[in-house]
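Here the structure is laid out as structure tokens; the discussion comes afterwards.
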Amino acid sequence: MLEVTGQHRECQEQLRKRARDLLASGEIAAFIGYGNGSLPWVPRPIVVRSPEEADRLVWNSFLTLNLANYLPGVLKELEPPRRRGEQVDPSTLPRVGIVATGCWSRNIVIQVQENQVDRSRVHIIGISSRGMISRHSFKQALGGKEALKIVENDHEIEVTLSHGETMVLSRWEYVRPNCKTCIHPGPVVSDETIGPPPGRRLVDERFREIEEVEAKDSQGRWEWFEEAFKDCIRCYACRNACPLCYCPTCFVDDSRPQWVGKSIETPDALTFHILRAYHCAGRCTDCGACESVCPVGIPMRLLTKKLIKEAQMLFDWEPGMSLEEAPLLGSFSPDDPDIAILKGGEKGT
Amino acid sequence: MRYSAYRIDRARLIEAINMLGPGFDVRVAPHLETGESGPGENMVKTFMFPQPEVLFTFKKAPPTADDVDLLREPSLPHTTTLLFGIRPCDARSIHLNGLAYEEDTYFWHRIEGAIIVGYLCKTVLSTCFCQRVGSGPDDTRYMDVVMMDVEGDHDALLLHGITEKGMIFLSQELGPLLIKCGGAKEEIEQSLGSRQYPKDTNTLDTLLSSDLMALYNAPFWDQLKDGCLNCGICTFRCPTCYCFDIQDETLGAKGRRIRYWDSCMFPLFTQHASGHNPRGGKIFRVRNRFMHKLKYFPDRFGAISCVGCGRCVRDCPVNIDIREVLDNLLEVARS
Amino acid sequence: MNWEPKIIAFLCNWCSYAGADLAGVSRLQYPPNIRIIKVPCSGRISPNIILDAFLKGADGVWVSGCHPGDCHYISGNLYARRRLVLFERLMEFVGLEPGRLEFSWISASEGEQFAAKAKEVTERIRVLGPNTRLRKVF
Ligand code: SF4
Ligand code: SF4
Ligand code: SF4
Ligand code: SF4
Ligand code: SF4
Ligand code: FES
């Protein structure tokens with residue numbers, strides 16, 4: 001059980017109302033949001049298909065998956081079957097509603113840029129994120145005990161544990177590092193917004209986690225990499241949770257040539273992570289979904305964040321900020337920094 | 001006479017385990033020390049199914065080379081693996097996987113060379129549902145030695161040999177390192193007698209007698225699949241998910257054939273070489289995981305392929321809950 | 001130990017490969033540690049390929065193409081430049097020693113430059129020693 005009061009409660013009510021209206025008026029055929037699940041700290045992504053169901057929608061601090069991930073699939077599902085090569089006018093196809101925070105909306109922008117999503121078929125209800133709670137640090141805070149019920153208000157999370165014990169956590173302390181340093185908590189594109197405007201974040205500390213690793217020498221960084229990634233079980237949840245990952249055949253599944261060995265031995269697991277991160281270069285919005293879903297707590301988000309830092313420094317680039325932009329690595333400029341002259345240097349800066 | 005019952009201090013037991021000879025590959029579950037409830041990390045799965053498992057190695061040899069050298073099976077280890085502190089659910093997973101791996105030499109070599117020291121559960125987590133699938137927190141079947149907490153004394157543990165293998169291990173290897181406690185055997189038998197787990201055979205019977213196609217075509221699958229990411233977390237955390245894939249890896253003139261974990265949640269699992277995929281949509285894959293555990297496997301082997309450990313429930317990032325799926329299936333089966 | 005660095009050079013067919021050819025025809029000395037793989041354009045190089053070389057035992061990887069502006073396919077190397085600079089930064093971040101990965105632009109007429117670069121790369125990697133960090137062994 002998860003209950004909300006305060007700002008999130010208001011958002012939740014407005015969200016239900018707007019989703020209900022949109023579904024009832026026929027403007028959209030489905031709405032992508034979150035509902036409650038069987039565990040209080042894991043809300044369940046749901047697709048609402050009728051106005052009556054809209055009351056299942058929830059809004060709280062535990063929404064760590066990026067809903068943009070579901071958008072192309074749901075859009076596709078609603079398309080009537082067609083013959084190969086048959087052209088359809090998108091304006092005749094059913095539309096989909098979705099709720100989006102800053103990073104989710106930026107991922108939708110990227111999906112539009114990359115022709116995965118047709119903007120005209122999507123109705124975006126924007127809500128500025130107040131930062132989502134890290135499942136990993138939340139679990140740690142409970143010290144091995146189980147949360148049976150959660151009640152959250154604007155600044156506190158009250159957890160009921162087994163045997164009736166309770167615990168009160170200060171919300172901001174458990175907010176994920178990517179949310180704490182988010183540069184754009186409010187939606188970048190939307191058809192309407194609900195809830196209060198975004199608050200200020202610690203944007204100055206945006207790359208602190210990265211700088212800590214960069215400060216090590218090459219040997220130290222390698223040791224950090226090996227150690228931090230050694231428990232990966234190759235379940236690919238980080239890949240599948242990411243709205244950027246939509247290739248019909250992922251590089252890990254290629255067998256001729258086989259780019260990545262299939263086991264969990266160090267070189268294989270690390271190669272997987274290097275390439276996964278690299279495929280997100282210039283596209284990753286630091287939404288944190290990958291890190292949140294990992295069952296063993298691998299900090300793979302730091303690799304993509306490093307790429308965000310480099311793309312910003314080298315190309316003055318922030319992913320997913322405008323529908324008109326071309327993808328970073330699908331374009332070039334004659335004035336780009338020249339790799340043959342410009343060297344990374346010992347600290348990778 | 002063999003002594004096979006001991007009462008021992010937790011810390012001393014861990015000391016004794018560390019003193020065992022080099023013939024043992026000892027793996028101790030962290031909850032033996034912490035006393036934490038629940039199944040804990042999945043030691044049994046990684047033991048049953050190494051990731052990767054080398055089936056054989058091969059090399060390209062000059063024409064004169066001895067044929068024997070071209071292809072070589074790995075020498076199987078002769079150490080005894082001691083799995084210390086395995087919860088009843090996990091111990092039972094070995095038995096269930098054994099049904100499907102009946103003829104697998106590698107699997108059985110490992111299992112036969114292992115001693116399962118089980119650890120009964122004092123408390124159950126909210127996600128534990130071993131009772132519903134035909135077992136329980138006091139289930140001592142599938143263990144060689146059973147270990148349990150002593151009511152009112154956090155530091156004490158009772159140990160009791162169950163199988164021949166377990167009794168020999170206790171009396172000859174671990175026993176001399178422990179202090180025998182005369183009363184323990186009676187104490188254990190008494191407390192086991194009083195803590196009978198309810199065996200739910202009703203669930204299994206209902207699933208067995210239900211119509212497969214009715215379950216397959218049930219409408220709830222369509223909603224269930226919405227949230228699923230088709231990641232492999234549930235299958236990779238699950239002690240009774242045993243699917244694998246095999247690949248040859250080559251490195252210059254040598255190579256190896258490895259077996260590694262696969263998951264029915266991955267599209268590649270059923271992808272044909274032609275490109276056609278009989279389980280092309282998400283719904284097919286989600287449905288397969290649950291139908292396999294709750295219907296196909298029971299139909300074939302007479303048991304549910306789930307031990308109720310709740311790992312998939314806890315670790316699924318989108319909260320797809322097998323208990324709800326089971327409820328839904330039972331509802332369909334009964335209507 | 002007689003360890004000799006093994007360096008995989010991915011050379012663009014239209015320029016650097018021809019540059020290597022010219023170096024050979026002109027009988028310029030360059031170290032035999034360079035194993036050349038001809039590619040149609042530096043734009044063909046994906047990080048998968050570079051990592052694959054390291055996994056299979058390369059001690060260094062060197063990618064060379066036409067000078068920016070001179071690409072046979074007009075812009076292949078301009079795309080490559082963006083992609084590879086990010087990749088190099090990522091590799092250094094995870095602890096690949098700086099210098100194991102080399103990039104250059106060498107034209108068909110620059111045989112001397114080719115030989116000089118080959119020497120420079122080989123000597124640098126000799127100092128770094130064998131690659132152990134991303135190499136697959138079994
Ligand atoms: S990093 Fe985590 S989520 Fe990604 S494959 Fe490894 S274990 Fe799975
Ligand atoms: S890589 Fe991770 S943080 Fe970046 S967009 Fe994908 S899921 Fe979000
Ligand atoms: S599922 Fe049952 S046996 Fe397993 S840990 Fe929970 S209570 Fe113990
Ligand atoms: S059920 Fe959950 S854990 Fe399993 S594949 Fe789907 S999302 Fe992943
Ligand atoms: S299906 Fe889930 S509860 Fe059942 S054995 Fe597997 S992980 Fe445990
Ligand atoms: S053809 Fe030489 S770099 Fe493109």
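Numbers restart at 1 for each chain; the letters A, B, ... are given by sequence-line order, proteins then strands. Since this is a predicted model, take the numbers as computed values, not measurements.
For the pair B/Arg237/A/Ile233, a side-chain contact is recorded, criterion being any heavy-atom separation below 4.5 Å from C-beta on.
One N or O on the side chain of A/Glu146 and one on the backbone of B/Ser126 form a donor-acceptor pair closer than 3.5 Å.
Once rounded to the nearest 0.5 Å, the distance linking CD of B/Gln247 with OG of A/Ser263 reads 10.5 Å. Summarising the geometry, atom OH belonging to B/Tyr260 is positioned 13.5 Å from atom CD1 belonging to A/Ile264; distances are rounded to the nearest 0.5 Å. A distance of 11.5 Å separates CG in B/Asn319 from CG in A/Leu65, rounded to the nearest 0.5 Å. The CG atom of B/Leu229 lies 11.5 Å from the SG atom of A/Cys245; values are rounded to the nearest 0.5 Å. The distance from atom CD of B/Gln271 to atom OG of A/Ser255, rounded to the nearest 0.5 Å, is 10.0 Å. Taking CD of A/Glu77 as the start and CD1 of B/Ile283 as the end, the distance is 8.5 Å to the nearest 0.5 Å.
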(message) Could you go through B/Asp222 and A/Arg49, starting from their C-alpha distance and side-chain angles, then the distance that decides it, and tell me whether this counts as salt bridge (Lys or Arg N to Asp or Glu O under 4.0 Å)?
(response) CA-CA 12 Å; B/Asp222 202 39; A/Arg49 294 186 173 87; 5.1 Å; no
(request) Start with the C-alpha distance between B/Asp248 and A/Gln258, add both sets of side-chain angles, then the distance that settles side chain to side chain contact (heavy atoms under 4.5 Å, CB included), and finish with yes or no. (result) CA-CA 10 Å; B/Asp248 288 349; A/Gln258 186 188 61; over 6 Å; no
(request) Start with the C-alpha distance between B/Cys316 and A/Val42, add both sets of side-chain angles, then the distance that settles side chain to side chain contact (heavy atoms under 4.5 Å, CB included), and finish with yes or no. (result) CA-CA 9 Å; B/Cys316 172; A/Val42 195; over 6 Å; no
(request) Let me see the working for B/Gln223 and A/Ile46 under side chain to side chain contact (heavy atoms under 4.5 Å, CB included), right down to the final yes or no. (result) CA-CA 8 Å; B/Gln223 247 194 23; A/Ile46 56 171; over 6 Å; no
(message) Working note: B/Val318 + A/Tyr70, criterion side chain to side chain contact (heavy atoms under 4.5 Å, CB included); need CA distance, chi angles, decisive distance, verdict.
(response) CA-CA 12 Å; B/Val318 301; A/Tyr70 296 97; 3.4 Å; yes
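Within 6.0 Å of CD on A/Glu79 lie more than 12 heavy atoms contributed by other residues, nucleotides or ligands. Environment of NE2 in B/His276: crowded, with over 12 heavy atoms of neighbouring residues, nucleotides or ligands closer than 6.0 Å.
Heavy-atom distances place the side chain of B/Glu324, and not its backbone, under 4.5 Å from chain A. At a 4.5 Å heavy-atom cutoff, B/Ser263 makes no contact with chain A through either its backbone or its side chain. Heavy atoms of B/Gln51 lying under 4.5 Å from chain A belong to its backbone as well as its side chain. Neither the backbone nor the side chain of B/Ser37 comes within contact range of chain A, judged by heavy atoms closer than 4.5 Å. Looking at B/Cys234, neither its backbone nor its side chain comes within 4.5 Å of chain A, counting heavy atoms on both sides. Interface residue B/Arg323: only side-chain heavy atoms are found under 4.5 Å from chain A. Residue B/Leu268 touches chain A through its side chain alone, counting heavy-atom pairs closer than 4.5 Å.
The most heavy-atom pairs under 4.5 Å with chain A, out of B/Ile233, B/Asp315, B/Asp321, come from B/Ile233. Listed options A/Arg135, A/Lys145, A/Lys262 were ranked by heavy-atom pairs under 4.5 angstrom with chain B; first place goes to A/Lys262. Your options are A/Cys250, A/Gly261, A/Ala237, A/Cys238, and the one with the most heavy-atom pairs under 4.5 Å with chain B is A/Ala237. For the set A/Val293, A/Ile32, A/Leu39, the entry with the most heavy-atom pairs within less than 4.5 Å of chain B is A/Leu39. Listed options A/Gly37, A/Ser38, A/Pro248 were ranked by heavy-atom pairs under 4.5 angstrom with chain B; first place goes to A/Ser38.
The minimum heavy-atom distance linking A/Asp268 with B/Glu249 is given by the pair OD2-OE2, 4.2 Å.
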